[in-house]
Amino acid sequence: MTLPILAKKVKKLASFQLFNLKLLLNGESSRGFSKFKKNYKLKGELGRGGFGIVYRAIRISDELPVAVKFVDRRTVREWGKLNDEQVPMEICMLAKCAKVKGVIKLLDWYSIPEGYLVVMERPYPCIDMFDFIKGEQKLDEEMARFLFRQIVQTVHECAQRRVLHRDLKDENVVIDLVSGEIRLIDFGASTILKKSPYTDFQGTRLYCPPEWFLHSLYLGKEAAVWSLGVLLYNALNGRLPFRNEKDICTAHLLGPLPFYAPVSAEAKDLIQRCLSFDPFSRCTIEAIFNHPWLKKSSPDWLVLSAATGSNHKEQNKENDEEHDESEELEEIHEEAEKDRKEMEGQNTSEGESGVGSSASSIATKLSPVEPNPEPSPRFSKTSLLVPPSSVELKEVVQSSKTKSVSQCPAPATLKPRRIRSKLLRAQNQPRPTAHQSTVLTALRRAMSRERHRHQAVEAAPKA
Ligand SMILES: Nc1ncnc2c1ncn2[C@@H]1O[C@H](COP(=O)(O)OP(=O)(O)OP(=O)(O)O)[C@@H](O)[C@H]1O
């Protein structure tokens, strides 16, 4: 080994050891694990994705429900600076969007040797949009408009702060079931918005525009608009528009996209404009705002949610299962190990939630264009949401339930019969039955679980 190479290796080793020492010391610092344990109590798993595990937790000082995401240091691809500290870009971008209403609030973060613990607000009770759509099979246009408008507004405000999310999809939108407000989560693939093209990608391939697969390049806002088009199509159809990369790159040659639900011409037009093959003729975020479909006024959340279906049984059953309270660090270590093994064993090249930083050579994969068979409805996602439980927030839910639906202004654009039937339901039957309302089903289950837990605690023999 030559001298310069040896010197380089020694230097590298020294800096690695210094890094480890810093991490060890960090254990005692204000951002170490012992501080985290003093401030938060982990309650079980909330969801998991390709790059982390998200835990349900409570802030000890005030019992605020929070979500804690463990980000494995080894999976961090991009780093940024926050108050002169090097942190994963995810933390940095969340901090930049602190004032954006539709972005999940970053409350705190901690550094542990294995990675980072990102503490975020956790709306209670909430459901992510994937589960919401799955429960409804597909959204009606009013509900889709109500949610999509908030999502577009949020993406726009992020862009104003030069933040590009890069993984816009239904799984990354959390809906507050009490207010109907959305929160954009998972900034793990986000980066600084720039005007020049990006040559790396870490989001979800089925939401990715064709220019990435064909040219390994994309422009930030144009790619975001494409993902929004995929998201809206998915919300209205209950299935994704494209099954794989080949579909993404060739669908435009087959004429207008097929729709599998009765969708208005205006909604179809907006989707087609977002999914324009040519990024330069794709509509802009501003144009989405001004599109006649999005400009229509929406009914109030209470009116909308009262009309949701009752197909959430399986999901809620699944969600009702309590996870063991964790011995925090040990669990994180074990889970991280398990996750890594799973990730190693997975081939995600064409999977729905596949992520990757290189465009596969689609040109070699493209065979002559055949008409696409109907894409199947979606059953799986990368994470599962457990409805949260907290005694304190039960009161919030309770108080929102007593709010009169009939106080909501009648939406101007609803067809008269529809207004009447909705308002009649709201007025004559003070609350829709739990079977009629997804939202209420979720609320009822969250509350009944709390009741059971209390009964169990009371029944337990006192030590
Ligand atoms: N703040 C939060 N409040 C409520 N639920 C959350 C929150 N953060 C995450 N979740 C739930 O956890 C799931 C996984 O979170 P997240 O997407 O951040 O993880 P990830 O590992 O980056 O996932 P992916 O591989 O999909 O990118 C989400 O789909 C959502 O259901």
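Atoms within each ligand, like the ligands themselves, are counted from 1 in listed order.
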Check each atom of ligand 1 against the heavy atoms of Asp167 and keep those under 4.0 Å away; list them by number with element.
27 (O)
Those atoms of ligand 1 less than 4.0 Å from some heavy atom in Ile104
1 (N)
Considering the heavy atoms of Asp128, write down every atom of ligand 1 situated less than 4.0 Å from one of them.
29 (O), 30 (C), 31 (O)
Which ligand 1 atoms, with their elements, are less than 4.0 angstrom from a heavy-atom of Gly47?
12 (O)
Distance alone, cut at 3.5 Å: any donor-acceptor contact between the side chains of Asp170 and Asn234?
yes
Please work out, at 4.0 Å between heavy atoms, whether the side chain, the backbone, both, or neither of Asp131 comes within that distance of ligand 1.
neither
Answer yes or no on whether Lys169 is positioned over the face of Phe130, meaning its NZ or CZ is under 6.0 Å from the six-membered ring centre and within 45° of the axis.
no
Logged contact type for Asp186 with ligand 1, heavy-atom cut-off 4.0 Å, is both
Within-4.5 Å side-chain heavy-atom neighbours: Leu139 and Leu147:
yes
Lys69, any N or O under 3.5 Å of ligand 1 N or O
yes
Closer than 4.0 Å to some heavy atom of Ile185 - which atoms of ligand 1 meet that?
8 (N), 9 (C), 10 (N), 28 (C), 30 (C)
Enumerate the atoms of ligand 1 whose separation from the nearest heavy atom of Asn172 is less than 4.0 angstrom.
17 (O)
Among pairs that include at least one residue of residues 160-183, which meet ring-ring contact (aromatic ring centres under 6.0 Å, His included), considering only residues two or more places apart or in two chains?
His165-Phe187
Heavy atoms, side chains only, cut-off 4.5 Å: are Leu228 and Val155 in contact?
yes
Would you say Ile127 and Leu177 make side-chain contact, with heavy atoms under 4.5 Å?
yes
Is Arg183 near ligand 1, meaning one of its heavy atoms is under 4.0 Å from it?
no
Using a strict cut-off of 4.0 Å, indicate which atoms of ligand 1 neighbour a heavy atom of Glu121.
1 (N), 2 (C), 3 (N)
Can you tell me which portion of Arg56 lies within the under-4.0 Å heavy-atom range of ligand 1? Options are side chain, backbone, both, or neither.
neither
Polar contact flag, side-chain donor to acceptor under 3.5 angstrom, Asn39-Tyr110
yes
Heavy-atom contacts under 4.0 Å between Thr204 and ligand 1: side chain, backbone, both, or neither?
neither
Under 4.0 Å between a Lys/Arg side-chain N and an Asp/Glu carboxylate O for Asp131 and Lys134?
no
Side chain or backbone, does Glu90 bring an N or O within less than 3.5 Å of an N or O on ligand 1?
no
Are any of the side-chain heavy atoms of Cys274 and Trp226 separated by less than 4.5 Å?
no
